[in-house]
Novice: 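Before I ask anything, let me first share the structure, which is written out below as structure tokens.
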Amino acid sequence: MENEPDHENVEQSLCAKTSEDELNKSFNLEASLSKFSYIDLDKELEFKNDLIDDKEFDIPQVDTPPTLESILNETDDEDESFVLEDPTLLNIDTIDSHSYDTSSVASSDSGDRTNLKRKKKLPDSFSLHGSVMRHSLLKGISAQIVSAADKVDAGLPTAIAVSSLIAVGTSHGLALIFGKDQNQALRLCLGSTSVGGQYGAISALSINNDCSRLLCGFAKGQITMWDLASGKLLRSITDAHPPGTAILHIKFTDDPTLAICNDSGGSVFELTFKRVMGVRTCESRCLFSGSKGEVCCIEPLHSKPELKDHPITQFSLLAMASLTKILVIGLKPSLKVWMTFPYGRMDPSSVPLLAWHFVAVQNYVNPMLAFCRGDVVHFLLVKRDESGAIHVTKQKHLHLYYDLINFTWINSRTVVLLDSVEKLHVIDRQTQEELETVEISEVQLVYNSSHFKSLATGGNVSQALALVGEKACYQSISSYGGQIFYLGTKSVYVMMLRSWRERVDHLLKQDCLTEALALAWSFHEGKAKAVVGLSGDASKRKAIVADRMVEILFHYADRALKKCPDQGKIQVMEQHFQDMVPVIVDYCLLLQRKDLLFSQMYDKLSENSVAKGVFLECLEPYILSDKLVGITPQVMKDLIVHFQDKKLMENVEALIVHMDITSLDIQQVVLMCWENRLYDAMIYVYNRGMNEFISPMEKLFRVIAPPLNAGRTLTDEQVVMGNKLLVYISCCLAGRAYPLGDIPEDLVPLVKNQVFEFLIRLHSAEASPEEEIYPYIRTLLHFDTREFLNVLALTFEDFKNDKQAVEYQQRIVDILLKVMVENSDFTPSQVGCLFTFLARQLAKPDNTLFVNRTLFDQVLEFLCSPDDDSRHSERQQVLLELLQAGGIVQFEESRLIRMAEKAEFYQICEFMYEREHQYDKIIDCYLRDPLREEEVFNYIHNILSIPGHSAEEKQSVWQKAMDHIEELVSLKPCKAAELVATHFSGHIETVIKKLQNQVLLFKFLRSLLDPREGIHINQELLQISPSITEQFIELLCQFNPTQVIETLQVLECYRLEETIQITQKYQLHEVTAYLLEKKGDIHGAFLIMLERLQSKLWEITHQGENTKEDPSLKDVEDTMVETIALCQRNSHNLNQQQREALWFPLLEAMMAPQKLSSSAIPHLHSEALKSLTMQVLNSMAAFIALPSILQRILQDPVYGKGKLGEIQGLILGMLDTFNYEQTLLETTTSLLNQDLHWSLCNLRASVTRGLNPKQDYCSICLQQYKRRQEMADEIIVFSCGHLYHSFCLQNKECTMEIEGQTRWTCYKCSSSNKVGKLSENSSEIKKGRITPSQVKMSPSYHQSKGDPTAKKGTSEPVLDPQQIQAFDQLCRLYRGSSRLALLTELSQNRSSESYRPFSGSQSAPAFNSIFQNENFQLQLIPPPVTED
């Protein structure tokens, strides 16, 4: 079998002649399609790189290049493609007789980039690529195979080989040779059934390069060689390989005296044919023994005559696929292995596949080997370097979603794959796109399973080879000259690529016109895949395809009209044409055939009114995007009428401004635009159609002037018209066309002059006698003063300083002044706009305008002294703009300031003072202006802090701020405080003196001193004296006594004695207690609190009948809690006697009311008071011994007289607490003892348990541990199951030296899991010969190994590797939080420094604490609250 296909590629010969002349007559055009691959190679390379160096490619010089006709008339037996029996399948009429395949040579992506795995089903490729392959039955050969089985007992077909002839082997040992002519005649029948009985079935066939010899391999191992010219048996070889094995493959190499065979023992042999003294002999040499791995597929590299000088051919390369790897070996000059490549993971039943092909990569032609086993195809590019060595580089591999059983190159870009369910997949190699899928189960493909199982010799093969053989069909598929032949049980099928025309026509036959056009367009653009039959340069190819597309488009238009539904709703017809007509328009425009579109196509579609309408609507997007210019007048007219009829007037306007309308009836179009309010279109038609620029302005003025003059509000539409008019005037004056484009350059000056003349007309045409002068300028000023003046300003910018331009400018300015100043119906804002405009013009360096200064004075008067106070801010803003635009030079400054102050224009005053650097006066402006008064703080801060102002200016501002400090504080205390802290820090006392109002002073000091106010003040730099802080505390006691304690906690500089006096003055007892405690007088603080508590208790006991919810009880509880907290805070630092001096008076105070109340009549609150007393006792118990408490109670004179009933509950409560805590202690001890016993048992069991390695080889060097003979090498086994040589681990740096001991880490676990876990770092080891080394667990502990005393002194546990490993096991056994773990956690929390012996993970982060687990529950009484 020759798996080196691609007649379309480099291997094709241009000049070799065939010896069999009779074949010439039978060749049809397909021969020409398959001939010119060498030229194709040139074309491919040219496509990649326009300039090719002839020397680089060793391309011979040709004096007279051959003509296409001479090449077509040449024949070559190796190029002869097979002729189909059924000529109707070929559609010969449509094949271009001057064409050949362009898809012969492909470049490959270098490198092995991972591509997306194609695990999901691909989209249907038929719509994209059409039918790429043509497949047909060879009826003549198929009939004769069936006939031979019946008549001469030939048996079923078993193998096929194709060259210029077709050879089919049968199960009874016959080889049938058929011609590849029209008749498919049987040429020879080689062998006999008697020999077949002796040798078994033919299991493999091979034909040599010149089609003169046939090799047959048999199921029982024999090999025969036949002469195909005479039909003689030349050799019968029985001793070439071990007996009892079937021949799986037999292949000729390029050397006719050398063949390769592969038998079912998995061995590969080289057969050398010699002829000495007329005697034919065969020598056999074993290339690969089946004992080292069974080879089940071989593929020699074949090169065609034109590549016979390729440097790689001298090596006679052979690819072999065993069950585990690929080998590429060279047979010449001496046997050498060039590459081995393992498969990786795959299904053991999948079939190894190999296929060679020459491809062009980066302008060099080299062989590429495709190999596959399963669902991934790997491509290897084989090159020879200058030194003579062979290099193999991986290319992008192909991921599939199916398992392959056959791989065939059809040309260098296209491969054909057969999957295990007998589906063919045609794939473009570079893009990995699936072009077509063909079901070929009808072929009933022959499988070679029986030969792989060697059934004819007793089935003595390995199970692995037999499993592969289940799907093997190596001998049933043969490719030659771009055709692939498939051998079925009763038939032979052939497949080949269709030509481009055939692919298009195939879609047309199936009525897929849209797909046919899309496919043809992809041929036109050069984006199609697997193209056959397009020749010449790009322009020639495009012309050929374009002609075919035009034919299809006519057919498409006829079909659209013919298939239009005759009856039914108009919407159905519209939908039909909306689906069809855009396709015609799109392709006509893509092909740049407007002539076709507007003549034949339009005439054809105009037969149907609906189709005509849809056609016209399709043109719209192309016109709007300016892709379609030069429409014929008839179509343009129809287009406007159509949209007008459909009431789509906006669309009409958009279309008109993109069209050349000179060929239309302009008056009619203008009338239509005006009636339908299409003002843009109307202006466009006037400008472009008649070069008339003024008429549209007049028309628009007539609409907007009357309502403006009458003082009415404009309608929305009139506003739109006015805006259009302004934009239009602006465009005309700037030389731009409206609404898009530019006015022709020669017309620009003329248009400007016309527009100016129009604007400054004294009266409009057809004016009424009442009309005021300059109506056009007046109307525009009334419509939008600011925008109109902006338009004029832009125009003045463009003016050249010629005499006429200067006159126009002055004239317009005079008219503007006349219209606006002499009229009272313009607002201050409008008048201000005019004078701002004038000020800007006058401020220009090259100004030529003259304006009377008295006009500016009038404007100032007008803005500053209105009749009423309306529009105050507007008038101020207008005047400010006027001054900023340069108008200030027109005024006398002192008068301006006077008028501004009088009119309360503070921003104007600020502007003027700023110019004169009178910054202190600006502060007054801010303070008086209610809109901007809060900005004064930023202003003062900026003047005082930003460099650039003189010292005098800063001093004046500073003084002004100081004078107005009371106003500033009342405005915003916090901002004022920030300002004082920043710029007046040395004068705070002066500021305080100025603040006479106590409330203001309080607010100011709170902002200054209380950090909670959110002001960022550095208190250290401020250095406020304690007296100021105390003044603030006194004010706080007056105005906000509840906040005093909280504020004292955040304040810093105050003196305790003075502050205590202040709080005592205002009788704030809690605050005084807080301060005394802070001072250290705990007893004094306690006495104050106790006094308060006693007074509250007295209130309770002496009140009348009241409800239980009396608030005074809550007060008692709060005061008591605060007193307890005071005692608890300070008891830690007191001796026993001092503690009792605190706690016992408190207890006494709480029990006193109970003593007073008569036992017969219990007090209303007695129960509540008892529970509070119990609370005091519980709190005391943490600091005072229980006997002392009991003794104190019993010594009390009240209780000493036998009244123990009242305190019985208290004492029983204390005893209960004691009992509970004693029980808790005993239970905890018991549980921990149990835990310790369980843990020790498990530790002991883990230590004594053996380790079970997962494999018997080292996980690093992959050698069996027994094979390494170094005496010093030790075997290390980890608890994870990995096994290593100690040398290998040392090389990988998996050792740690701790205290002179060697610690090992598992290489695989630690490299795949970079987090250093203890269980992996110390999953140590049982060695082959281990000395019981001790390994320190705590990596944070460092100690010199030479100091034994230090070792003895430490209490940290030292565990050996077995113990550490056992402990890991124990940690894994525990699922939840063990009691042991609780203690470990607690011990760790106590001292983070001390070593924790029972930690599951050495680097366990703190947040993994078991106490933070949401399921963790511990039922314990909480300890007393203590505060440090």
Side-chain angles (χ1 to χ4, degrees), residues 2-12 30 33-38 40-41 43-44 47-48 81 99-109 118 122 125-126 128-135 353 355-361 365 367-372 377-379 381 395-400 402 404 406-419 423-438 440 477-486 494-504 506 519 522-523 526-534:
E2 192 171 306
N3 239 12
E4 201 350 323
D6 229 29
H7 57 293
E8 287 155 344
N9 257 22
V10 220
E11 309 93 40
Q12 294 309 94
E30 278 179 54
L33 295 183
S34 65
K35 264 186 189 299
F36 314 115
S37 49
Y38 206 27
D40 276 354
L41 175 59
K43 187 165 59 178
E44 286 286 337
F47 179 70
K48 291 168 192 301
S81 297
S99 63
Y100 55 82
D101 179 16
T102 58
S103 63
S104 52
V105 178
S107 71
S108 164
D109 298 333
R118 293 166 44 190
L122 293 170
S125 54
F126 179 75
L128 284 174
H129 306 286
S131 173
V132 178
M133 298 292 286
R134 176 170 77 247
H135 58 288
L353 304 170
W356 287 100
H357 201 81
F358 278 88
V359 298
V361 177
V365 177
M368 184 178 279
L369 175 65
F371 76 85
C372 167
V377 182
H378 296 271
F379 295 99
L381 190 67
Q395 308 291 299
K396 187 163 72 172
H397 51 276
L398 175 64
H399 282 269
L400 307 164
Y402 41 80
L404 293 188
N406 179 261
F407 178 102
T408 313
W409 294 89
I410 199 159
N411 62 38
S412 63
R413 282 188 192 174
T414 317
V415 295
V416 179
L417 315 178
L418 179 64
D419 68 19
K423 239 186 207 170
L424 275 185
H425 303 266
V426 184
I427 292 193
D428 182 73
R429 182 179 64 81
Q430 285 163 292
T431 60
Q432 305 199 346
E433 190 177 350
E434 187 163 283
L435 308 181
E436 188 179 12
T437 311
V438 184
I440 62 155
I477 301 171
S478 178
S479 68
Y480 181 78
Q483 297 172 320
I484 310 174
F485 295 82
Y486 294 90
V494 65
M495 297 231 166
M496 68 192 80
L497 289 175
R498 296 177 185 270
S499 72
W500 74 272
R501 280 185 187 272
E502 203 180 331
R503 280 165 66 179
V504 172
H506 183 79
L519 181 61
S522 72
F523 290 131
K527 291 178 181 171
K529 309 281 188 298
V531 186
V532 178
L534 267 180

Novice: Restricting to ring-ring contact (aromatic ring centres under 6.0 Å, His included), what partner residues turn up for F523, sequence neighbours left out?
Specialist: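 Only W500 meet the ring-ring contact (aromatic ring centres under 6.0 Å, His included) criterion with F523.
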Novice: Specify the closest pair of heavy atoms between F407 and L353, including all atoms of both residues, with the distance to one decimal.
Specialist: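 Between these two residues, the closest heavy atoms are N-CD1, 3.9 Å.
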Novice: So, does W356 use its side chain to make a donor-acceptor pair with the main chain of P367 at under 3.5 Å?
Specialist: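 Pair absent, no side-chain N/O of W356 close to backbone of P367.
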Novice: Please evaluate residues V438 and M495 with respect to the criterion side-chain contact (heavy atoms from CB on, under 4.5 Å), reporting the C-alpha separation (whole Å), side-chain torsions for both, the decisive distance (0.1 Å), and the verdict.
Specialist: CA-CA 11 Å; V438 184; M495 297 231 166; 4.2 Å; yes
Novice: Using only atom types and a distance under 3.5 Å, with no angle test, would you say the side chain of Q432 pairs donor to acceptor with the backbone of H397?
Specialist: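 Yes; judged by distance alone, with no hydrogens or angles, the pair exists.
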Novice: Would you give the length of the straight line joining atom OG1 of T414 to atom CZ of R429, rounded to the nearest 0.5 angstrom?
Specialist: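 It comes to 9.5 Å.
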Novice: Would you sort out whether Y486 and H135 count as a side-chain contact (heavy atoms from CB on, under 4.5 Å), showing the intermediate values?
Specialist: CA-CA 10 Å; Y486 294 90; H135 58 288; over 6 Å; no
Novice: I need the E502 CD to L497 CG distance, nearest 0.5 Å.
Specialist: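 Going from CD on E502 over to CG on L497, the span is 10.0 Å.
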Novice: Looking at every non-hydrogen atom in both residues, tell me the closest pair between F379 and K396 and how far apart they are.
Specialist: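 Between these two residues, the closest heavy atoms are CD1-O, 3.3 Å.
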Novice: Can you name the nearest heavy-atom pair linking L381 to Q395, along with the distance?
Specialist: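 Nearest pair, atom of L381 first, then Q395: CB-NE2, 3.6 Å.
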Novice: Which distance, rounded to the nearest 0.5 Å, do you find between the OG of S478 and the CD of Q483?
Specialist: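 Reported value, rounded in 0.5 Å steps: 10.5 Å.
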Novice: Between Y402 and H425 (judged by ring centroids, cut-off 6.0 Å), do the two rings come close enough to count as a pair?
Specialist: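 Distance test on ring centres: under 6.0 Å, yes.
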Novice: Nearest 0.5 Å, what's the CG-CD1 distance between L417 and I427?
Specialist: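 Between atom CG of L417 and atom CD1 of I427 there are 4.5 Å.
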Novice: What's the spacing between L424 CG and I484 CD1 if we round to 0.5 Å?
Specialist: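 So the gap between those two atoms works out to 7.0 Å.
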Novice: For the NZ atom of K529 and the CD atom of Q430, what is their distance to the nearest 0.5 Å?
Specialist: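 It comes to 9.0 Å.
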Novice: Which pair of heavy atoms, one from S522 and one from L519, lies closest together, and at what distance?
Specialist: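 So the two residues come closest at OG-O, 2.6 Å.
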Novice: If only atom types and distance count, is the side chain of R498 paired as donor or acceptor with the main-chain N or O of M133 below 3.5 Å?
Specialist: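 The answer is yes, because a donor-acceptor pair under 3.5 Å joins these two groups.
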Novice: Would you say R503's side chain and H129's backbone share a donor-acceptor pair under 3.5 angstrom?
Specialist: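 At least one qualifying donor-acceptor pair exists.
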